[in-house]
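All heavy atoms count here, side chains included; hydrogens, waters and symmetry mates do not. A quick note: this is a predicted structure, and the numbers were derived from the prediction, not measured. Chain naming here is simple, since letters A, B, ... match the order of the sequence lines and numbering starts at 1 in each.
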Amino acid sequence: MVYLTRKAEFAASHYYHNPELSPEENRRIFGKCNNPNGHGHNYVVEVTVKGDVDPRSGFVVDLKELKDILNREVLEAMDHRFLNKEVPEFLDRIPTTENIAIAIWQRLLPKMRKARLHQVRVYENADLFVDYYGEE
Amino acid sequence: MKAHLTRRYRFSASHRLHSQSMSEEENRATYGKCNNPHGHGHNYTLEVTVSGQVDSATGMVCNLVDLDQRVREHVLDQFDVENLNTREEFRNAVPTTENLCRVIFDILKRQFPLAHLESVRLDETMMNSFEYRGE
């Protein structure tokens, strides 16, 4: 079994707000991140897949295919977007780093063919990242 | 849905590696330059990983403000710009980065009950890193 990680980057804006909470509660829990005009990050995504090395190709996965899936499913949907308003998952879910990692996992999982999805890591910045391993 | 969240912090501290259970010669042989009686320092990078269910109301494993506050109060304010050898935690233990990992893990286990503490990792330099998972 070999693990392979592909990295990608996208820039997006977001804000944190739960419509079921009062404005005061939202400000207390989310602080500056509750500003409805949003703010942005350069997100870095690391997708790790695992599998046996194919004896003919020497690959765990065709990197070009993985890159295409990442581009199509994640970057085209999220890069240079306001996540709360333009990405369907976040119309009714707060686009925290946790939920972004989960959404990326859910987008990639059905597209995987030979290799198995192992981990999705999302960096909001160099000092904060979230790992998601699917349902544990 | 369960996720792991990692937050990175920085602090600087000095230490001297010297074991009371070894002779002077043995200390020098074991710790080399790190046994210099006057000590030396590092810029440590601390990575704290916690895990838990993502709260459906907040979208979070835990509130970062709470994690930052506890780490600042109980770890960074304690060890930053300090000589580790003078700290109570190292009265009977050599302040290697292995032991520092364990000390910080035990502190956070007590002081941060808001999510499950998975691991504490310390980069002592760009070349050396240590990780403790409480096992």
How long is the straight-line distance from [atom2] of [Y] back to [atom1] of [X], given to the nearest 0.5 Å?
| X | Y | atom1 | atom2 | value |
| --- | --- | --- | --- | --- |
| B/T58 | A/N18 | OG1 | CG | 8.5 Å |
| B/K2 | A/D131 | NZ | CG | 11.5 Å |
| A/E124 | B/R7 | CD | CZ | 8.0 Å |
| A/N99 | B/M1 | CG | CE | 7.0 Å |

note = Most heavy-atom pairs under 4.5 Å with chain B, out of A/Y132, A/Y16, A/Y123, belong to A/Y132

inquiry  = Taking side chain as everything from C-beta outward and backbone as N, CA, C, O, which of these in A/I29 sits under 4.5 Å from a heavy atom of chain B? Side chain, backbone, both or neither.
reply    = both

remark   = Honestly, the part of A/E20 sitting under 4.5 Å from a heavy atom of chain B is neither

key: Under 4.5 Å from any heavy atom of chain A - which part of B/V54   = side chain

Establish whether [X] and [Y] are linked, either directly or via other cluster members, by ILVMFWY side-chain heavy-atom contacts under 4.5 Å.
| X | Y | result |
| --- | --- | --- |
| A/I102 | A/L109 | yes |
| A/W105 | A/Y43 | yes |
| B/L67 | A/V130 | yes |
| A/L108 | A/F59 | no |
| A/V44 | A/M78 | no |

Heavy-atom closest pair, residues A/I94 and B/G59 = CD1-N, 4.4 Å

key: Considering all heavy atoms, the nearest A/E98-B/A3 contact   = CG-CB, 4.5 Å

Can you tell me if [atom1] on [X] sees more than 12 non-hydrogen neighbours from other groups inside 6.0 Å?
| X | atom1 | answer |
| --- | --- | --- |
| B/R16 | CZ | yes |
| A/M1 | CE | yes |
| B/K109 | NZ | yes |
| A/R116 | CZ | no |

query = Heavy atoms, side chains only, cut-off 4.5 Å: are A/D127 and B/R10 in contact?
reply = yes

inquiry  = When you compare the side chain of B/L64 with that of A/L128, does any pair of heavy atoms fall below 4.5 Å?
reply    = yes

Pair A/F129 + B/H4: ring centers closer than 6.0 Å = no

